[in-house]
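The structure is given below, and queries will be raised subsequently.
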There are 2 protein chains.
Amino acid sequence: MKNLFENISLKNKEKLFKIFRASTVKFTKGINIIDYMDRTNSIGIIDTGSIDIIQTDYDGNETLIDELKENDIFGSTIYSIVLSDECSIITKDNTNVTFIDYREIENAEFIKSDFYITFVQNLLAIIFEQMSFKNKRIDILTKKTIRNKLLTYFKQLSKEQGSKSITLPFSLSHLARFISVDRSAMIREIKYLKEEGMIDQKTKKIRLYY
Amino acid sequence: MKNLFENISLKNKEKLFKIFRASTVKFTKGINIIDYMDRTNSIGIIDTGSIDIIQTDYDGNETLIDELKENDIFGSTIYSIVLSDECSIITKDNTNVTFIDYREIENAEFIKSDFYITFVQNLLAIIFEQMSFKNKRIDILTKKTIRNKLLTYFKQLSKEQGSKSITLPFSLSHLARFISVDRSAMIREIKYLKEEGMIDQKTKKIRLYY
DNA sequence: TGCAAAAAGTTGCAAATGCAACATTTGATA
DNA sequence: TATCAAATGTTGCATTTGCAACTTTTTGCA
């Protein structure tokens, strides 16, 4: 996975930080970052660690909007409406985040320097990757039954891992949140899939027979 | 909405076309573009017209993955796994699409020219907008009931249109496909919302009371 | 290695949803 | 303006799902 400052020297990285009025902030586990950021114009890049973007609606239900890891980007420009008051950005580990002022991408002075172009290209690559990730999630979420959501996700993994034997990158509880269904209902559906001989499954190891 | 070639002269646009091995293709209504594109390395930009990205699974169910309009971008880099065989890209009108070779963004020779930077910045702006759109759709799709999907979507529109009186940008049938629920079940839920005094609705005009 | 917390798995039941098969209204156009 | 297609709206019913309340298993770590 590409890093935002890949192929950029430390010196030039510091220059970029100046251009973008960037600052790196260290958060401990379990902090809501949103209280620390300028909601209107800044983009956060995760240097190390990981965060969850969680929305809580009026009756207290929590939905996992997004989960971000190293090199992922978040911010009001990307989430716009989503990043409203009901939203929290919670660190899952000790996490370092670099905030840059998005507006400066458009009117930077050092615009013709090599490292500026490298930076923008890196940014582009990261965003493309995130786009792809989001499209895959939408592909799952638009399926109407838990069964089809699971099968779609398994097929995606199978393609990525190049095999009919796949390993889930996270726990089943986590998978349920990711595909946005009730955990127990999901496990029940997995049981049915096993009974019908569509899959074999033991915790995170799954073999597809379809 | 930003155009990919905003602030770029016709002459420079032509240079960019050369750099990116770009070509513009005219499609009539109802064509599946996917047959005409290099699936691995090209990005399509819609100059005029609109397209639907539709997935058909084994039992013939069609899901609307995405619907793109002028200036939107699509391509294998973005959709990766989604753009597999079950996927079709169908023109809804007469549509002009410019294909560029994505790899050339990274190793272009004219990299320091003004218009190249402008181009990349335009691309960035367009992608940010699409990201935001996708996040909003995920926000809706992760809601577990039709009611919450509707309320979430209405709230988004209300924020965008700056009013509690909103106008749907498309038909109700279309809305059902967008939030990926059964149309009749959705209309039933809208009826309940009206009965409970949460909203007023007449075709595309909706007033929120919550 | 033992213990507490997280994850996995089960089940009954009420509520929500999809589906099918209609009737009615709206809108485009010949 | 007559006509046909698309969109809207309605309803019954079977299926799917979420939810709650459990038990059992796994895992991290003191």
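The sequence lines fix the lettering, A, B, ..., with proteins before strands; numbering per chain opens at 1.
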Exercise for the section: Starting at atom CD of A/Glu189, determine the distance to atom P of C/dT17, rounded to an integer number of angstrom. Expected result: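 Computing the A/Glu189:CD to C/dT17:P distance gives 17 Å.
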Hey, what are the protein-to-nucleotides 7-9 of chain D N/O distances that come in under 3.5 Å?
from	atom 1	to	atom 2	distance (Å)
D/dT8	OP1	B/Leu172	N	3.3
D/dT8	OP2	B/Leu172	N	3.2
D/dT8	OP2	B/Ser173	N	2.9
D/dT8	OP2	B/Ser173	OG	2.8
D/dG9	N7	B/Arg183	NH1	3.0
D/dG9	O6	B/Arg183	NH2	3.1

Exercise for the section: Rounded to the nearest angstrom, tell me the gap between atom CZ in B/Arg188 and atom P in C/dA16. Expected result: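 Distance, rounded to whole Å: 11 Å.
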Practice task
Verify the neighbour count for atom NZ of B/Lys205: are there more than 12 heavy atoms of other residues, nucleotides or ligands below 6.0 Å?
Solution key: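 Atom NZ in B/Lys205 is not crowded, with 12 or fewer foreign heavy atoms closer than 6.0 Å.
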Problem - Euclidean distance, atom NZ of residue A/Lys143 to atom P of C/dT17 [Å, nearest integer] - result: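 One finds 19 Å between P of C/dT17 and NZ of A/Lys143, rounded.
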Problem - Separation of atom CG in A/Leu193 from atom C1' in C/dG9, rounded to whole Å - result: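 Taking CG of A/Leu193 and C1' of C/dG9, I get 15 Å after rounding.
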Exercise for the section: Round to the nearest Å and state the distance from A/Asp182 atom CG to C/dA14 atom P. Expected result: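 Atom CG in A/Asp182 sits about 17 Å away from atom P in C/dA14.
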Handout entry: Any N/O donor-acceptor pair, B/Arg147 side-chain to D/dG18 base, under 3.5 Å
Key =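 Such a pair does not exist between side chain and base.
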Practice task
I would like to know whether B/Thr118 and B/Asn12 meet side-chain contact (heavy atoms from CB on, under 4.5 Å); could you show each step before the answer?
Solution key: CA-CA 11 Å; B/Thr118 308; B/Asn12 287 332; over 6 Å; no
Completion exercise
Intra- and inter-strand pairing of DNA chain C, written as dot-bracket with Watson-Crick and G-U pairs under 3.5 Å and | for the latter, reads ||||||||||||||||||||||||||||||
Practice task
Please state how far atom CD1 in B/Ile190 lies from atom P in C/dA16, giving the value in whole angstrom units.
Solution key: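 Computing the B/Ile190:CD1 to C/dA16:P distance gives 16 Å.
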Problem - Between D/dT16 (C1') and A/Lys149 (NZ): distance, integer Å - result: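 Taking NZ of A/Lys149 and C1' of D/dT16, I get 11 Å after rounding.
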Handout entry: Heavy atoms of other groups near A/Lys164 NZ, more than 12 under 6.0 Å
Key =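 Above 12, so yes.
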Exercise for the section: Taking only Lys NZ, Arg NE, NH1 and NH2, and the carboxylate oxygens of Asp or Glu, determine whether A/Asp139 and A/Lys136 approach each other closer than 4.0 Å. Expected result: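 The answer is no: the pair does not qualify as a salt bridge.
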Exercise for the section: Count the heavy atoms of every other residue, nucleotide or ligand shown that sit under 6.0 Å from NZ of B/Lys92, and state whether that count exceeds 12. Expected result: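 Yes, because the 6.0 Å sphere around NZ of B/Lys92 holds more than 12 heavy atoms from other groups.
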Handout entry: Exceeds 12 heavy-atom contacts within 6.0 angstrom, atom NZ of B/Lys29
Key =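 Open.
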Handout entry: Criterion side chain to side chain contact (heavy atoms under 4.5 Å, CB included) against A/Ile51, the qualifying member of A/Ile46, A/Ile31, A/Ile90, A/Asp93
Key =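 Output: one option passes, namely A/Ile46.
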Practice task
Search all heavy atoms of B/Lys149 against all heavy atoms of B/Ile179 and return the closest pair with its distance.
Solution key: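 Closest approach of B/Lys149 to B/Ile179: CD-O, 3.7 Å.
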Problem - B/Leu172 side chain near B/Gln201 side chain, heavy-atom distance below 4.5 Å - result: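 Sidechains of B/Gln201 and B/Leu172: in contact.
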Exercise for the section: Calculate the interatomic distance between A/Leu175 atom CG and C/dA8 atom P; express it in whole Å. Expected result: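 In whole Å, C/dA8 P and A/Leu175 CG are 9 Å from each other.
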